[in-house]
Amino acid sequence: MTDLDSFAARLKTLTGDRASTPRVKDGVMTLALEVGGLTAEQRDAIAAAIREGALTVPGVSDVRIAMTAERKELRIIAVASGKGGVGKSTLSANLAVALKRLGHRVGLVDADIYGPSQARLMASEDQKPQARDKHLIPVQSPVGVPMLSMAHLVEPGRALAWRGPMVSNALGQLIDAEWGDVETLIVDMPPGTGDIQLSMIQKHKPAGVVIVSTPQDLALIDATRAVNLFEQAHVPLIGLVENMAGYACPHCGEISDPFGAGGAEAAAKEMGMAFLGRIPLAIDIRRRSDAGDPPAAGDDVHGQAFRAIAEKIAEYVAR
């Protein structure tokens, strides 16, 4: 067995059979490495180990590795609402965290280009994404969910005066990033039924959408519009979440309903869609969200509320 044959045998073990048979000509070793499903760190580590080993082969002075990958199709779950102020971004962040804790390979995209908030909710405001081969590399949040937001790309407080095509291009760059082993992408949509929603539907084809509403009639009217948009586009409706549903007094424990009660569940039944659950109106959720500490990362009563909804979404994904 030649030195090159010996290295080729070791290569199979080193790469899990991802590397082609190495060739050497004029002192240069060339080979192809299939990197689909690997994170950037895994890919770089394997390439470095190949180079280190190849340079020990007599007569090899340089190593060239052609990395190939079939870009897999991500399962996109959109989280949408008909109006702002219903807690959609908080729900998106916590669903991503809860799904990760359930064992799913999940990423998070903040598609609210004009008003991004996920960087704050996930404590990643100080991070900037790198790029490779014209694709962004997501940043890692402290809870281990890879994510991308316009807040990672523009200076804080800067207003984006962009028209529709520029917004659609920005959304495409966030979604078509190097997501590594991510299989499910939670996309926090902006409120309403405008350009970004249409771009998402036409170009990225969500596997399903979660609609968020508060119990009050005005919010439910707007939620119905959002449902109608996704129905017309034949995007599957995973279900409706009722947010800010009931406030527990921290002193006496009495439950009050400043936004009403049960409206979203009734609306879901009327529209023939699943009701996924309720998230309470709680000062702890607000404080932890502002601090970049998603409640779903814990196991208290609020973390369990997000987990219960995530479990239903996981059941949908499994089907």
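Ion pairing between a basic and an acidic side chain is recognised when a charged N comes within 4.0 Å of a carboxylate O; Asp222 and Arg225 show such pairing.
Listed by chain and residue number, Glu34 satisfy the salt bridge (Lys or Arg N to Asp or Glu O under 4.0 Å) test with Arg18 (two or more places apart in sequence, or in another chain). Asp112 meets the side-chain hydrogen bond (donor to acceptor under 3.5 Å, both in side chains) test with no other residue; sequence neighbours excluded. In this structure, the salt bridge (Lys or Arg N to Asp or Glu O under 4.0 Å) partners of Lys88, at least two apart in sequence or on a different chain, are Asp188. Under the rule for a side chain to side chain contact (heavy atoms under 4.5 Å, CB included), the partners of Ala19 that lie at least two apart in sequence or sit in another chain are Leu11, Thr15, Leu31, Leu33. Taking the side-chain hydrogen bond (donor to acceptor under 3.5 Å, both in side chains) definition, one finds that Ser289 meets it with nothing, sequence neighbours left out. Legend: residues meeting salt bridge (Lys or Arg N to Asp or Glu O under 4.0 Å) with Asp300, ordered by chain and number and at least two apart, are Arg288. Residues forming a salt bridge (Lys or Arg N to Asp or Glu O under 4.0 Å) with Arg10 (at least two apart in sequence, or on another chain): none.
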Go through the steps to decide whether Arg23 and Met29 satisfy the test side chain to side chain contact (heavy atoms under 4.5 Å, CB included), and finish with yes or no.
-> CA-CA 5 Å; Arg23 309 287 182 190; Met29 178 183 288; over 6 Å; no
Would Val109 and Trp179 count as a side chain to side chain contact (heavy atoms under 4.5 Å, CB included) if you check the C-alpha gap in whole Å, the side-chain angles of each, and the deciding distance to 0.1 Å?
-> CA-CA 11 Å; Val109 164; Trp179 288 102; 3.4 Å; yes
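The closest side-chain heavy-atom distance from Val187 to His204 is not below 4.5 Å. Counting heavy atoms from C-beta on, the side chains of Gln118 and Met147 come closer than 4.5 Å.
The salt bridge (charged side-chain N to carboxylate O under 4.0 Å, His left out) pairs that include a residue from residues 261-282 are Glu242-Arg278, Glu265-Arg278, where partners are two or more places apart or lie in different chains.
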Side chains of residues 53-65: which donor-acceptor partners sit under 3.5 Å, not counting sequence neighbours?
{"residue": "Thr56", "atom": "OG1", "partner": "Gly53", "partner atom": "O", "Å": "2.5"}
{"residue": "Ser61", "atom": "OG", "partner": "Gly27", "partner atom": "O", "Å": "3.2"}

Side-chain donor-acceptor contacts of residues 304-314 below 3.5 Å, not counting sequence neighbours, with atom names and distances?
{"residue": "Gln304", "atom": "NE2", "partner": "Asp299", "partner atom": "O", "Å": "2.8"}
{"residue": "Arg307", "atom": "NE", "partner": "Glu311", "partner atom": "OE2", "Å": "3.3"}
{"residue": "Lys312", "atom": "NZ", "partner": "Leu276", "partner atom": "O", "Å": "3.3"}

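Other cluster members for Leu229: Leu198, Ile201, Val209, Ile211, Val227, Phe230, Val235, Leu237, Leu240, Met271, Met273, joined by side-chain heavy-atom distances under 4.5 Å among Ile, Leu, Val, Met, Phe, Trp and Tyr. Applying the 4.5 Å side-chain rule to ILVMFWY residues, one finds that Leu220 remains a lone member of its cluster.
Residue Lys128 qualifies as enclosed at atom NZ: its count of foreign heavy atoms under 6.0 Å is above 12. Other residues, nucleotides and ligands contribute more than 12 heavy atoms inside 6.0 Å of the CD atom of Glu125.
Looking at Arg75, its side chain never comes within 3.5 Å of a backbone N or O of Gly208 through a donor-acceptor pair.
When all heavy atoms are compared, the tightest approach of Met122 to Pro294 is SD-CG, 3.8 Å.
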